Amino acid sequence: MLTRQFTMFLLVGGFAAAVNFGSRIALGTVLNYVPSIVVAFCLGMVTAFVLNRALVFKSASNAIHHQAAWFVAINGLAMIQTVLVSLALARWVLPGLGVQQYAETIAHAVGVAVPVVTSYFGHKYLSFSTK
């Protein structure tokens, strides 16, 4: 599973996740929690699309509008996963475990990590198809 392509996907994804995560913290100073997650996710998604197209899936043969449409669809599902996991952890799981300090930040970090593998296969076979 640790092919060069998957490793590059993880690196690009890590950078995009840092954009997502960092911007969520910054946006959290002016937006409520869920809107800041959604806007930050969009910033991370644009970063991920550009870098995946340029560095990871260079041999994609489908049209760019198909790449973008699939990328948005797959990341839309990932965003739903991220929000649901983040909310569940921040509102119920972490407080239930006695974690109060940084609960939203910890929850969001886990929420961002959850869709990594499913997103890779979705992007490999749909967003950046070579067929």
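The chain is numbered in sequence order, starting from 1. Everything numeric here is computed off the predicted structure, so don't read it as measured data.
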Determine, stepwise, if the pair Ile74 / Leu126 fulfils side-chain contact (heavy atoms from CB on, under 4.5 Å). CA-CA 9 Å; Ile74 290 164; Leu126 298 170; 4.1 Å; yes
Just to verify, what does Ser23 make a side chain to side chain contact (heavy atoms under 4.5 Å, CB included) with, not counting sequence neighbours? Leu27, Ala40, Leu43
Co-membership, hydrophobic cluster, residues Leu55 and Phe57, 4.5 Å side-chain: yes
Same cluster (ILVMFWY, side-chain, under 4.5 Å), Tyr102 and Val110: yes
Please report the interatomic distance CG(Asn20) to OG1(Thr47), rounded to the nearest 0.5 Å. 9.0 Å
Between Leu2 and Thr7, is any pair of side-chain heavy atoms under 4.5 Å apart? yes
Do Gln81 and Thr118 touch side chain to side chain, with heavy atoms closer than 4.5 Å? yes
Nearest 0.5 Å please: distance from the CE atom of Met79 over to the CG atom of Leu84. 10.5 Å
Taking every non-hydrogen atom, the tightest pair across Gly111 and Pro115: O-CD, 3.4 Å
Value for CZ (Phe41) from OG (Ser86), rounded to nearest 0.5 Å, stands at 10.0 Å
Just wondering, do Gln5 and Tyr120 contact through their side chains at under 4.5 Å, heavy atoms? yes
If I take atom CZ from residue Phe15 and atom CG from residue Leu10, how far apart are they, to the nearest 0.5 angstrom? 15.5 Å
What about Phe6 and Leu11, same hydrophobic cluster or not, with Ile/Leu/Val/Met/Phe/Trp/Tyr joined at side-chain heavy-atom distances under 4.5 Å? yes
Do Thr105 and Phe21 pass the side-chain contact (heavy atoms from CB on, under 4.5 Å) test, and can you show the C-alpha distance, the side-chain angles, and the key distance before you say yes or no? CA-CA 9 Å; Thr105 302; Phe21 193 70; 3.3 Å; yes
Count I, L, V, M, F, W, Y as connected when their side-chain heavy atoms are under 4.5 Å apart, and connections chain through other members. Are Leu94 and Val85 then in the same cluster? yes
Checking the side chain of Asn52 only, and the main-chain atoms of Ala48 only, is there a donor and an acceptor separated by less than 3.5 Å? yes
Residues 74-94 vs salt bridge (Lys or Arg N to Asp or Glu O under 4.0 Å), sequence neighbours excluded, gives Arg91-Glu104
Rounded distance [0.5 Å steps], CG in Leu51 versus CE in Met8: 9.0 Å
Among the clusters formed by ILVMFWY side chains lying less than 4.5 Å apart, do Phe71 and Ile64 turn up in the same one? yes
OG (Ser61) and CZ (Phe128) are apart, to the nearest 0.5 Å, by 12.0 Å
Side chain proximity check, Leu89 to Ile106, heavy atoms < 4.5 angstrom: no
May I ask you to decide if Tyr33's main-chain N or O and Ser36's side chain share a donor-acceptor pair within less than 3.5 Å? yes
Does any pair with a residue in residues 65-77 pass side chain to side chain donor-acceptor pair (under 3.5 Å), and if so which ones, sequence neighbours excluded? Arg53-Gln67, Asn62-Gln67, Asn75-His123
